[in-house]
Amino acid sequence: MNKKVKIARLSIASNSLLIILKFAAGIVSGSVSIISEAIHSAMDLVAAIIAYFSVRVSDNPPDERHPYGHGKIENVSGVIEAFLILGAAIWIVVEAIRKLTGEDSEIVSVEWGSLVMFISAGVNTYVSHRLYKVAKETDSVALEADALHLKTDVYTSLGVGIGLLLIWVTKIHILDPIIAIL
């Protein structure tokens, strides 16, 4: 198995773990910002799976139908990932607005939620660096897109984690859906 496929599997595994952690923390706490991060991680998983299959196919040698090889499939993977991110963003904003306009926004176990967000940021930092390194070594557009996407997830997880700490300190629970939108 080549480097690209191995690192793409790491991205799938890490995203799967983070989805479980974030949904558990979101359900326990009732935090829409943590649930939004879980949804975002679910989209990341779909993107990682697409990247995995695209790097597997892209290394196939040229054939009659593809005389120049299969490398362009990685570009298609990047476009699909962009649409997934847009869809997840719309869904998250709609859920947060619902929370702002009527549903109870009280959250509990803020410390647990913050911890999960900081763990997520650490995991995504590690995986992003590994993906980016292999992407550069192998000239893989799909892995580079996945790495950059996970890098932005580091910032969103840190933002949610810090926001949850602010909620814990200030007891202003309406910040939760606002953080989710941001």
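Everything numeric in this text was worked out from a predicted model, so none of it was measured.
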Per the side-chain contact (heavy atoms from CB on, under 4.5 Å) rule, which among N15, L21, L18 passes with V123?
L18

Do I172 and V160 share a hydrophobic cluster (ILVMFWY, side-chain heavy atoms under 4.5 Å, transitive)?
yes

When clusters are formed by joining ILVMFWY residues with side-chain heavy atoms under 4.5 Å apart, either directly or through shared neighbours, do M117 and L158 land in the same one?
yes

To the closest 0.5 Å, what do you measure between OG1 (T152) and OH (Y155)?
9.0 Å

Rounded distance (nearest 0.5 Å) linking atom CD1 of I167 with atom CD1 of I174
9.5 Å

S157 and S120: which non-hydrogen atoms are nearest, and at how many Å?
OG-OG, 3.2 Å

Which pair of heavy atoms, one from V134 and one from T138, lies closest together, and at what distance?
O-OG1, 2.7 Å

For F118 and I162, work out which heavy atoms get closest and say how close.
CZ-N, 3.9 Å

How long is the straight-line distance from CD1 of I119 back to CG of L115, given to the nearest 0.5 Å?
4.0 Å

Please enumerate all residues that pass salt bridge (charged side-chain N to carboxylate O under 4.0 Å, His left out) together with E111, with sequence neighbours excluded.
none

Which atom pairs, donor and acceptor, lie under 3.5 Å between side-chain atoms of residues 38-45 and protein residues at least two apart or in another chain?
residue	atom	partner	partner atom	Å
H40	NE2	H149	NE2	3.1
H40	NE2	D153	OD1	3.0
S41	OG	K22	NZ	2.8
S41	OG	E37	O	3.2
D44	OD1	H149	ND1	3.4
D44	OD1	H149	NE2	2.8

Whether N124 side chain and L150 backbone form a donor-acceptor pair below 3.5 Å:
no

First locate atom CZ of R130, then atom CG of D146, and finally report the distance between them rounded to the nearest 0.5 Å.
13.5 Å

Backbone N or O of A147 within a donor-acceptor pair of the S128 side chain at under 3.5 Å?
yes

L10-L143 co-clustered via ILVMFWY side chain contacts under 4.5 Å:
yes

I34 CD1 to S114 OG distance, which is reported to the nearest 0.5 Å
7.0 Å

For S36 and S33 the tightest heavy-atom approach is OG-O, 2.7 Å

Which pair of non-hydrogen atoms, one from S109 and one from V28, has the smallest distance, and what is that distance?
OG-CG1, 3.8 Å

Under the salt bridge (charged side-chain N to carboxylate O under 4.0 Å, His left out) test, residues paired with K133 that sit two or more places apart
none

What residue pairs, at least two apart or across chains, pass ring pair (Phe, Tyr, Trp, His ring centres under 6.0 Å) with a residue in residues 9-37?
none

Scan residues 159-170 for pairs that pass salt bridge (charged side-chain N to carboxylate O under 4.0 Å, His left out), counting only residues two or more places apart or in two chains.
none

Identify whether V116 and V32 are in the same connected component of the hydrophobic contact network (ILVMFWY, side-chain heavy atoms under 4.5 Å).
no

L164 CG to L175 CG distance, which is reported to the nearest 0.5 Å
9.5 Å

Any donor-acceptor pair under 3.5 Å from S14 side chain to S11 backbone
yes

What pairs of residues pass the salt bridge (charged side-chain N to carboxylate O under 4.0 Å, His left out) test when at least one of them lies in residues 159-168, not counting sequence neighbours?
none

Same apolar cluster: I12 and L148, side chain cutoff 4.5 Å
no

